[in-house]
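Structure record follows, encoded as structure tokens.
Please read all numbers here as calculations on a predicted model, not as lab measurements. In listed order, ligands and their atoms are each counted from 1.
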Amino acid sequence: MPCDSCHLLLLRIPHPSPNAVFPHPSSRPPSPSISQRQVFSGPIVTLKVFEDNVLVREFLEEKGNGRVLVVDGGGSMRCAILGGNPVQQAQNNGWAGIIVNGCIRDVDEINGCDIGVRALGSHPMKANKKGYGEKHVPVNIAGTRICDGEWLYADSDGILISRTEISV
Ligand SMILES: O=C([O-])CC(=O)C(=O)O
Ligand SMILES: [Mg+2]
């Protein structure tokens, strides 16, 4: 993982067991790896939602072109804003990865997908379907501001955000 760029913001990643549900997520970045792909990177698309996954699904129905969807779900641990169906679709549509500041479900299905997925934990309940949320807005996850169009690099050590593309 690169670490010498002056444009680098660092998300520090603790080492929880996979799929662990943390006591309180607000100060933690999404960290357990919940898919077989550990290493992924790409230009970022941001999305801010709260306990609603309509916009998440809408994005992942688009062609991914190697992008990474960063979903700030407000750290909610009360339902899952990403499930197996959209992850499968994202994989087929060429998304490189999905970061969720919140919970996912269908962990076994997601584990079978070849796309990077990180989340705070898992939850069995599905999210609301009202379609509320904001696309392409700056988000703040675990103290790191992340903007649409920045670049994300994830590997087993953690997640880096860069304002520009960096060579890896
Ligand atoms: O239905 C949902 O909202 C979540 C889900 O399980 C899926 O998309 O696979
Ligand atoms: Mg499902």
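Atom CG of residue N128 and atom CD of residue E51 lie 7.0 Å apart, to the nearest 0.5 angstrom. Atoms CZ and SG, on R163 and C147 in that order, are 8.0 Å from each other to the nearest 0.5 Å. For the atom pair F40 CZ and I98 CD1, the distance stands at 9.0 Å (nearest 0.5 Å).
In this structure, atom 7 (C) of ligand 1 lies nearest to the protein heavy atom G83 CA, 3.6 Å. Scanning all protein heavy atoms for the shortest distance to atom 4 (C) of ligand 1 gives R105 NE, 3.6 Å.
Contact atoms of ligand 1 toward K129: 1 (O), 2 (C), 3 (O) (distance under 4.0 Å to a heavy atom of the residue).
An N or O contact shorter than 3.5 Å is missing between P86 and ligand 1 by distance.
Side chains of N53 and K126: no donor on one and acceptor on the other come within 3.5 Å.
Two residues are said to be in side-chain contact when any heavy atoms from C-beta on lie closer than 4.5 Å; L69 and L60 meet this criterion.
D106 contributes atom OD2 as its closest N/O/S atom to the Mg ion (ligand 2).
Metal site remark for the Mg ion (ligand 2): E109 contributes no N, O or S atom at a distance under 2.8 Å.
Residue contact check for ligand 1: R57 places a non-hydrogen atom closer than 4.0 Å to it.
Considering V70, L160, V45 as possible partners of L152, the one that fulfils the side chain to side chain contact (heavy atoms under 4.5 Å, CB included) test is V70.
Of the candidates I110, D106, D52, it is D106 that places a heavy atom closest to atom 9 (O) of ligand 1.
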